[in-house]
Amino acid sequence: QLDLESSCSSPDTRIHLQAGAAAIAPPQLAQEACKDAEEDRPMPWGFELYLLVQHFLFLSNYTVVLPTANEYMLSLGGSSWLAGLAMAVGIGSGFLTMPFAPCIIKRAYKTPLYLLTVFAFAGNALYGLGQVLRSPWLLVVGQGTKCVVFGCSGNALANHAVYSCAGPKFRSSSTALRANVQSLGMGFGPFFGALLTKIDLRAGALTLNAYTSPGWFYSLAWLAMLAWLLFVPEPARLFEEGPAAGGAGQTSSDPEAAKRMPDSKISWGLLAVAATTVAGALWEVSTSTIAQQYFGWNLMSSCLFIGAVFMFGMVSGEIVRAASRRLSVNEADIVLSGLFGLVLSSLMLYWYVPAVAPAGIVVGNQVLHAIGSILVITCVNAARSYCMTIAMRRAAMRSKACKETANLGVAFGMAIGRALGAFLGMGLAALPGGCNLAAACITGLSLLVLIPVAAPTFFKQLRSA
């Protein structure tokens with residue numbers, strides 16, 4: 001026995017024993033090792049690049065008409081509220097297809113992406129035909145057509161792909177990157193609009209000018225996206241889970257049934273995504289009118305200012321994303337800082353100057369508003385991106401059904417939030433004191449979401465989510 005123990009304790013013998021144990025190890029251990037290695041896989045770069053460009057193009061398509069939508073509508077006999085409705089359906093009509101997203105993206109991602117490019121092309125063409133047919137309602141129809149398929153092929157599809165095609169290590173970063181690219185697209189939209197204001201062509205009944213050229217330009221862009229999609233491979237869903245729990249015969253008393261619905265932290269995250277989206281859209285749409293009415297800026301200056309603010313928001317978002325990965329900052333801390341910063345920066349959006357005031361004071365208020373705008377967009381992007389990440393990760397930990405519910409909740413909150421913010425922003429900015437009304441809405445929404453986080457117990461649970 002002593003000889004056996006000494007021989008087993010020798011280094012050479014231990015190596016042979018370990019090799020033998022590995023050779024007879026059950027297959028589950030090998031599968032687990034492969035799974036651990038796959039968890040570090042990013043999303044296929046070709047498909048992710050297409051999604052990023054798609055979101056860039058769609059959001060720039062939304063903001064390119066912000067400086068001219070009100071005047072375009074008025075030139076056709078419409079009103080500012082009707083212009084607000086056009087902007088609202090241009091980002092919110094997608095909620096009509098959101099309930100069908102789980103079925104549509106169940107088998108393939110490219111099918112709804114094809115539909116999006118076709119509908120976006122048609123909607124932009126209708127928007128460009130507004131002056132030919134002299135109908136303000138054609139702008140509403142065109143904007144709604146452009147967006148209607150985005151409900152099932154926009155954020156809902158992208159979030160599903162992140163959790164089905166990318167490992168856990170890359171999900172938070174991919175979500176934040178997409179949000180920053182969206183902000184970049186919203187920044188380039190006004191820049192494109194400023195360039196398109198220089199176009200003034202007429203071909204028979206067809207007119208290309210500052211009002212109609214965005215529609216024709218983006219209709220061609222979406223045709224290019226359709227051609228590109230033909231060469232993009234369908235990604236493998238390496239991390240997609242099996243069928244959701246809760247099939248036939250499952251009763252409400254089943255303990256697993258409770259995991260199908262979001263808990264308080266997930267529900268708060270979905271509410272925060274919607275509220276911050278409304279706040280951001282309020283600023284986006286109202287500023288295009290405020291810059292011209294309160295500041296006395298021309299169309300070109302308004303376009304450049306809005307674009308510059310969005311560009312700064314994208315750069316600051318990338319800085320936050322890189323710093324959070326390098327320093328391992330808890331996402332809940334970023335959310336808290338973003339919401340608190342949103343409350344403070346919204347106070348800089350009010351118009352404090354009386355009707356009659358020295359020129360120096362007026363310029364000072366304009367500078368204050370410009371700085372506040374930059375901070376508002378930065379805080380909105382940070383709070384929304386990481387609220388979304390927390391809600392989706394916590395939902396995925398509960399069940400697949402809960403993850404699908406949260407995915408639809410995020411897409412619904414962003415679509416309806418942007419639609420509501422666009423409608424209120426365009427309408428409120430045209431009223432007397434509209435600048436302060438829009439700023440008050442942003443302050444109120446940020447406080448609404450910040451109050452639960454102020455509770456130490458809730459915030460501690462949020463940090464551990």
Side-chain angles (χ1 to χ4, degrees), residues 39-45 47-60 63 154-155 157-163 165-188 239 269-270 272-273 275-277 279-280 283-284 307-342 345 373-396 406-407 410-411 413-414 446 449 453 462-463 465:
E39 286 185 351
D40 290 338
R41 285 176 178 264
M43 188 185 300
W45 69 269
F47 187 72
E48 184 172 26
L49 178 62
Y50 182 87
L51 290 183
L52 292 175
V53 175
Q54 175 211 42
H55 282 262
F56 171 89
L57 188 64
F58 186 84
L59 270 298
S60 66
T63 58
N155 287 305
L157 185 149
N159 288 333
H160 189 280
V162 165
Y163 280 81
C165 306
K169 180 179 178 180
F170 292 92
R171 291 170 183 172
S172 177
S173 179
S174 294
T175 302
L177 177 61
R178 188 173 75 251
N180 293 334
V181 169
Q182 287 177 343
S183 182
L184 180 66
M186 298 179 81
F188 265 90
F239 303 95
L270 299 179
V273 168
T276 52
T277 301
W283 176 87
E284 297 158 9
V309 173
F310 279 124
M311 292 290 289
F312 189 90
M314 184 278 298
V315 172
S316 61
E318 277 298 293
I319 293 174
V320 171
R321 185 174 76 96
S324 64
R325 291 191 63 182
R326 174 178 286 273
L327 303 177
S328 300
V329 180
N330 191 282
E331 292 152 348
D333 295 332
I334 300 176
V335 170
L336 178 61
S337 301
L339 292 175
F340 188 71
L342 182 58
S345 57
S373 297
I374 293 173
L375 295 177
V376 162
I377 290 300
T378 299
C379 294
V380 163
N381 289 341
R384 179 173 58 205
S385 298
Y386 290 96
C387 280
M388 187 190 311
T389 300
I390 292 173
M392 289 297 299
R393 181 174 63 246
R394 190 174 181 90
N407 187 22
V410 166
M414 294 186 70
S446 53
V449 182
V453 188
L462 201 65
R463 293 187 86 252

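Since this is a predicted model, take the numbers as computed values, not measurements.
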Spatial distance of atom CG (L59) from atom CD (E284) [nearest 0.5 Å]: 8.0 Å

With rounding to the nearest 0.5 angstrom, report the CE to CG distance, M186 to N381. 8.5 Å

Heavy-atom closest pair, residues T277 and V273: OG1-O, 2.6 Å

Where S345 and L375 come nearest, the two heavy atoms and their spacing: CB-CB, 3.5 Å

Donor-acceptor pair, distance only, cut-off 3.5 Å: does the side chain of S60 make one with the backbone of L57? yes

Criterion side chain to side chain contact (heavy atoms under 4.5 Å, CB included) on M388 and T175, from CA distance to verdict: CA-CA 8 Å; M388 187 190 311; T175 302; 3.6 Å; yes

Nearest-0.5 Å distance that lies between atom CZ in R325 and atom NZ in K169: 7.0 Å

Please confirm whether the backbone N or O of N407 pairs with a side-chain atom of N159, one donor and one acceptor, at under 3.5 Å? no

So, taking the atom named CG in L184 and the one named CE in M314, what distance separates them when rounded to the nearest 0.5 Å? 4.5 Å

Out of curiosity, F47 CZ to L51 CG, how far, rounded to the nearest 0.5 Å? 4.0 Å

Gap separating the CZ atom of F310 from the CD atom of Q182, nearest 0.5 angstrom: 11.5 Å

How close do S174 and V162 get, counting heavy atoms only, and between which atoms? CB-CG2, 4.2 Å

So, do H55 and N155 sit near enough that their side-chain heavy atoms are less than 4.5 Å apart? yes

Can you see which heavy atom on V449 is nearest to which on A272, and at what distance? CG1-CB, 3.4 Å

Over all heavy atoms of both residues, which pair between G338 and C379 is shortest? Give the atoms and the distance, please. O-CB, 3.2 Å

Hey, mind stepping through F312 and I377 against side chain to side chain contact (heavy atoms under 4.5 Å, CB included) and telling me if it holds? CA-CA 9 Å; F312 189 90; I377 290 300; over 6 Å; no

Do V380 and W283 come within less than 4.5 Å of each other through their side chains, counting heavy atoms only? no

Indicate the atoms forming the closest heavy-atom contact of L270 with A406, along with that distance. CD2-O, 3.7 Å

Does G313 offer a backbone N or O that forms a donor-acceptor pair with the side chain of S316 under 3.5 Å? yes

Side chain proximity check, R171 to F239, heavy atoms < 4.5 angstrom: yes

Are E318 and L177 side-chain neighbours, meaning at least one heavy-atom pair lies under 4.5 Å? yes

Before giving the answer on side chain to side chain contact (heavy atoms under 4.5 Å, CB included), spell out for I334 and S324 the whole-Å C-alpha distance, their side-chain angles and the decisive distance to 0.1 Å. CA-CA 8 Å; I334 300 176; S324 64; 3.7 Å; yes

Tell me whether R463 contacts the main-chain N or O of D333 through its side chain, where contact means a donor paired with an acceptor under 3.5 Å. no

